[in-house]
Amino acid sequence: MWLIKLAWKNLWRNKTRTLITMAAVFFAVILSVIASSLKEGVFENLVKNVVSFYSGYIQVHKTGYWDEQILDNSMEKSTAVEQKLMRQKNVKGIAARLESFALASSANITKGCLVSGIEPQNENQITSLQQKIIKGQYITDNDNAVLLAQGLAERLQLNINDTIILIAQGFHGSTAAGKYPVKGIVKFGSPDLNDRTLFMPLAAAQDFFSAYGMISTYVLSLTNPDLTEKTASAIQSTTGTDYEVMTWGQMMPDVKQHIEADSNNMKYVQGVLYMLICFGIFGTILMMMVERRFEMGMLVAVGMKKGKLMFLLLFESVLTVFTGCISGIIASIPLVFLLNRYPFRMGGETAKAYERFGFEAIFPTSTDASNFIQQGLVVLVMGLVLSLYPMYRVWRLNAVAAMKR
Amino acid sequence: MGNTVIDAHNVNKVYNPDTIPVYAINNVHLHIEEGEFTALVGPSGSGKTTLLNLIGGLDKPDQGNIVINGVDITQLSPGELIEFRLKNIGFVFQSFNLIPVLTAKENAEFIMLLQGAKKATRNERIGQLFKEIEMEDKLNSRPAQLSGGQQQRVAVARALASKPKFVLADEPTANLDSKSASNLLDIMARLNKEEKITFLFSTHDQRVIERAKRVITLVDGKITSDTAMVDTNILHAEIK
C-alpha cells in the first residue's frame, strides 16, 4: 500500500512531466479514436451509400441476368422463392424490381433512362426511397405514375403533375410505350442515379414492358452487413443454380476495391499516428528516467529490491497512461459524435471523383463503441509496453554507476 | 575486543584491467570492530568511495574477501546483496538523497517500510530518532522545507532507523556549513557512544577527522596509515 502511495506522490513530484505524459496519451487517444472512427465511418458510409442508393447488400437474379441485363432474362415473381429468402436469419427485407431501359421524353427533349418498377413499401424499407423525395409524393402500389430523379427531371424540364412519355423495348421484343404523370421527384447523392433514374410501381412497369408477373431482381437488406458473404452463400445453396445470388461487392468490384484502398490508406495514416504517439510517450519516459536515475541508484543502494522499484515505476506508468486514456476516450466521444453529425465535406476534384463513383463526398465518423474501446486499449497497451523500458533499465541498474554525478 | 563488524582481506579493485589497469583499491586489509568511529581519509581519487562501495556491497572486488558480521558478501548474488544491505548497513550520502515527495518522517522510516516493520514500531523508532537528531518539530516537513544540515540529519535518521550493524557515510559533511556539520557530528558521536553504532566515514573534512577515534589513510588505493586517535576527554580524565 505504501508503494502505491509513493507512486501516487511520485506522479505529482514533477507535475509538468506527468501532465505532459498524460496529455500525450490524452491527445493520442483522441487522434487515434478519430482516425479509427473516420476509417470505419468512411467505409460504412461508402458501403451504405452504395447499398442504400440502389443495389442493396445482396441481389438475386435469374442466372445469366447480370451478364446480359435484358428483360428476356427476367424471372417470374415467386412467393416460394421470397419465402425461402425470408427464412434466412440475416435477411431483413426483400423488394422485387423490374428494371430496364427506356427513352424518356418531354416536349422536344429526350433522354435515355433506367426504368425501375418497384414495390413502393418494400423498396422504401431497403433504400429509404421515400426519404429522398424533395417534391411531390411517394408512389403507391396502385398508382400509374412515376417518381423522377431530380437530374432527369431537370434535364426533361419536368415538374410534378407534368407528363412524361416513355418508349422502350418490352418483354420478348414487344414495343413498350406509355405516358405517366410525375408524382414526385427524388434526389440521389449519386449523380449517376440522379441523372437517369425513374421509378414506377411494379405492376405499372410490368404493364409497360408487357412483362406480366415478371421481375428482374430481388433486392435484399440485411440485419448484419458484416455477414453479407456468408448470407449470400446460404441463399445460393437454398435457391439452387437457377438463380444467381450476388453481393454488392460482386456487382460493383471497382467500387469495393476503391473502398478497400481508401480503408487501407487510413491504416497507414493510423500506423504513422501510432508511431508519433509512441515517440511522444517514450520522450517523457526518457525524461523521467534521466531525472530520477540518481534516486533509483540510491533506492537500490539502501536496500530496495529491484522488483519493488520496477513495480513502483510500472504503477506510476499505469496511473499516468490509464488516466490519459480514460480522459482521452471521454473527450473523444462528443468530438466523434459531432463529426458524425457534421462530417468533413470534401470539395474540388476529390469530391467529383467520389461523385463519379456514386458516393456522397463526405467523411462521417463511425460512432461504434468498439472504436473508442479498441483505440483506448491500443494506446493503453502501447503506453504499458513503453513502460517496460524503465523497468528494463531498473533491472540493469548499477547503483554505483547511477549515483555518479 | 568487541565483535568484528567488517573484516576485509586482500581486497583489490582494478578498473580497465585489459587496457591500462588502474588499481582503485590495492591489496587492502581492514578490520573494524563494533562501536568504532572511523574516518577514511585521503586525497581525491585515492579510493575512499570505492572502498566504501565495496564494503557496502554496492560493488564487487576483483580479488579478496569482505566479511560483514560473519557473512562473506563477495559470495552473495546481487539480489542477496540488496537484502543484506537492507538488513545490515545504513548509508549516508554526501548529497542527502532524501525522496523529495516524502516528509522527513516518511523518508526516515523508508528503510523500515522496506523491511516490513509495523506502524507502531516505526512510529516509536522514528520518534526516538527525531528526538536524538533534535528535529521532532520537523517530522512532517518536506526535504525542500529543510536546510542542508537538517536534511542530512534526516538522512542519518534514515540510515539508523532499521538499527543496522554499521553506517557507511560518504563525505557526510561535504555539503554542510560548519555549524550544521558540527551539529551532525555531535549527533553521530552521541549515537556511536550511546547506541554503540559503528560508523565508517570517508571524508576530507578536518572536523570529522578530529572527532574520529580511528583514522585510516588511503593513497592510490593502498592503506598508508591506520591510527587510533587519542580521546582527549579520556586523557583529561586520566590526568585529573
Side-chain angles (χ1 to χ4, degrees), chain A residues 1-19 21-22 287-317 319-320 390-405, chain B residues 13 15 24 49-50 52-54 56-60 77-103 106-117 119 122 142-144 155 158-162 164 167-168 170-171 174-175:
Chain A
M1 189 60 199
W2 64 270
L3 211 55
I4 291 168
K5 198 176 154 191
L6 179 59
W8 178 251
K9 285 185 172 185
N10 274 335
L11 274 189
W12 304 109
R13 67 159 54 184
N14 185 337
K15 286 188 186 117
T16 312
R17 187 189 64 218
T18 304
L19 290 174
T21 314
M22 281 181 180
M287 199 164 89
M288 182 273 288
M289 286 304 288
V290 170
E291 197 180 293
R292 290 171 62 186
R293 187 168 180 264
F294 189 95
E295 180 188 309
M296 288 175 195
M298 182 275 290
L299 290 172
V300 173
V302 299
M304 186 169 192
K305 283 183 182 162
K306 286 184 177 176
K308 274 190 178 162
L309 187 52
M310 283 155 83
F311 176 79
L312 178 74
L313 293 176
L314 181 70
F315 197 73
E316 287 176 27
S317 298
L319 278 177
T320 313
M391 293 172 71
Y392 168 75
R393 297 292 300 178
V394 167
W395 180 52
R396 305 269 301 166
L397 183 85
N398 177 318
V400 175
M403 285 194 293
K404 270 186 188 153
R405 294 274 189 201
Chain B
K13 180 73 187 174
Y15 293 117
T49 302
T50 305
L52 285 189
N53 287 341
L54 292 172
L58 296 173
D59 208 352
K60 285 218 165 190
S77 68
E80 288 169 334
L81 268 173
I82 292 176
E83 187 76 20
F84 186 83
R85 286 199 296 270
L86 178 65
K87 288 179 179 164
N88 296 281
I89 310 173
F91 287 91
V92 179
F93 304 96
Q94 182 179 332
S95 47
F96 327 138
N97 293 336
L98 299 180
I99 300 169
V101 291
L102 300 182
T103 63
E106 289 166 338
N107 264 290
E109 69 179 0
F110 189 74
I111 309 291
M112 297 181 80
L113 280 167
L114 289 176
Q115 289 180 333
K119 195 175 179 181
R122 294 200 312 263
R142 292 278 173 95
R158 178 178 66 188
L160 296 172
S162 60
V167 173
L168 293 175
D170 190 9
E171 308 265 10
N175 287 342

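Just so it is clear: chains get the letters A, B, ... in the order the sequence lines come, proteins before strands, and each one is counted from 1. Since the structure is predicted, the reported quantities are computational estimates derived from the model, not experimental observations.
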**OP:** Quick one: list whatever passes salt bridge (Lys or Arg N to Asp or Glu O under 4.0 Å) with A:Arg393, sequence neighbours left out.
**Re:** none

**OP:** Heavy-atom pairs under 4.5 Å with chain A are the metric here; pick the option from B:Glu106, B:Arg158, B:Arg85, B:Lys87 that has the most.
**Re:** B:Arg85

Subject >> Non-hydrogen atoms of B:Pro100 and A:Glu295 that approach each other most closely >> reply: CD-OE1, 3.9 Å

Original post:
Out of curiosity, A:Met298 CE to B:Phe93 CZ, how far, rounded to the nearest 0.5 Å?
Top reply: 6.5 Å

Original post:
Minimum heavy-atom separation for B:Leu58 to A:Ala399, with atom names?
Top reply: CD2-CB, 4.3 Å

**OP:** Under 4.5 Å, counting heavy-atom pairs only, tell me which of A:Val302, A:Leu299, A:Leu6 racks up the most with chain B.
**Re:** A:Val302

Subject >> For A:Val400, the option from B:Leu54, B:Thr50, B:Asn53 that meets side-chain contact (heavy atoms from CB on, under 4.5 Å) >> reply: B:Asn53

Original post:
Picking from B:Ile82, B:Leu102, B:Ile99, B:Leu81, which has the most non-hydrogen pairs under 4.5 angstrom with chain A?
Top reply: B:Ile82

Original post:
In terms of heavy-atom proximity below 4.5 Å to chain A, should B:Phe84 be classed as side chain, backbone, both, or neither?
Top reply: neither

Original post:
Would the number of heavy atoms belonging to other residues, nucleotides or ligands and lying under 6.0 Å from CH2 of A:Trp395 be above 12?
Top reply: no

**OP:** Please list, chain by chain and in numerical order, all residues satisfying salt bridge (Lys or Arg N to Asp or Glu O under 4.0 Å) with B:Asp170, sequence neighbours excluded.
**Re:** none

Subject >> A:Lys5 NZ: over 12 foreign heavy atoms closer than 6.0 Å >> reply: no

Original post:
Where along residues 8-18 of chain A does a heavy atom come under 4.5 Å of chain B, listed by residue number?
Top reply: A:Lys9, A:Asn10, A:Arg13

**OP:** Only pairs at least two apart or in different chains count here, so list each salt bridge (Lys or Arg N to Asp or Glu O under 4.0 Å) that has a residue in residues 297-314 of chain A.
**Re:** A:Lys305-B:Glu83

Original post:
When rounded to the nearest 0.5 angstrom, what distance separates CG in B:Asp59 from CG in A:Asn398?
Top reply: 6.5 Å

